[in-house]
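Just so you know, ligand 1 is whichever comes first in the structure, and atom 1 is the first atom listed for that ligand.
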Amino acid sequence: MSTEIAVGVNLDEANRRLAEASPAEILRWAAETYGDKLTMATAFGPEGCVILHMLAEIDPSIRVFNLDTGYQFAETLELRDRIAARYGIEVEMVRAARSVAEFDPDRCCDDRKLGPLRRAVTGYDAWISSIRADQSAHRARADAIGWDAKFGLVKVNPLLKWTKRDVWAFVVTHDVPYNPLHDRGYPSIGCWPCTRAVASGEDERAGRWAGQAKTECGLHSLDSSQL
Ligand code: SF4
């Protein structure tokens with residue numbers, strides 16, 4: 001499939017048109033373009049919470065889901081309830097077909113994140129992610145609107161050009177609910193077996209899969225023209 005025309009939309013043209021657009025403008029474009037064929041995945045990071053704040057104003061009916069691996073922190077799960085209370089957005093919990101029987105870091109993300117994500121986006125034309133270009137070299141290669149060949153739909157990255165500082169400024173200004181673990185040395189939060197607090201000066205993702213070669217769960221890694 002051409003990466004330029006996807007689900008009837010010329011992605012190069014869309015990116016040109018949205019080159020100077022704000023995250024809210026990108027989200028509004030996505031909501032108007034894809035309607036009920038647009039969905040969003042969130043792990044309740046500050047970026048995701050910022051997007052949920054914006055979606056509450058743009059279109060709170062957009063279906064949002066969380067990949068509930070069974071290993072999320074209690075603080076993360078509680079944040080789901082705080083988001084629902086604040087915005088009226090009930091984030092759907094998408095679970096793996098198999099129960100948490102044993103921890104196998106080689107298969108675990110495949111079973112608990114990639115497989116469930118693949119099922120969760122089936123039938124949708126586009127999904128919203130909250131990656132930022134400054135998080136890693138390969139995320140820096142993403143476009144605001146791109147073809148996600150791994151999952152077979154368009155990927156919308158409204159916060160691509162924002163920095164961590166931009167995100168937190170928005171959180172503070174708008175009193176957006178966030179995970180309290182961020183105040184306890186966890187800048188990036190995944191599953192508890194694979195996340196540790198980071199020391200001052202360490203990279204913000206240094207606490208994810210620390211001690212392993214792995215740096216991404218595979219949801220946003222490149223095996224295509226788009227992240
Ligand atoms: S982050 Fe760790 S616990 Fe979570 S799905 Fe991946 S390997 Fe499993």
#### Entry: Under 4.0 Å to a heavy atom of Cys194 - the qualifying atoms of ligand 1, by number
1 (S), 2 (Fe), 3 (S), 7 (S)

### Query
Would the Trp127 and Tyr34 ring centres measure less than 6.0 Å apart?
no

### Message
Distance check below 2.8 Å: does Cys109 bring an N, O or S atom to atom 6 (Fe) of ligand 1?
### Response
yes

#### Entry: Atoms of ligand 1, numbered as shown, that sit under 4.0 Å from any heavy atom of Trp209
1 (S), 2 (Fe)

### Query
Between Arg184 and Glu75, does at least one N-O distance fall below 4.0 Å, as a salt bridge requires?
yes

### Message
Taking the ring centre of each residue, are Tyr186 and Phe73 less than 6.0 Å apart?
### Response
yes

#### Entry: Proximal ligand 1 atoms for Lys113, defined as those under 4.0 Å from one of its heavy atoms
1 (S)

### Message
Under a 3.5 Å cutoff, is there a donor and acceptor pairing between the side chains of Asn66 and Thr42?
### Response
no

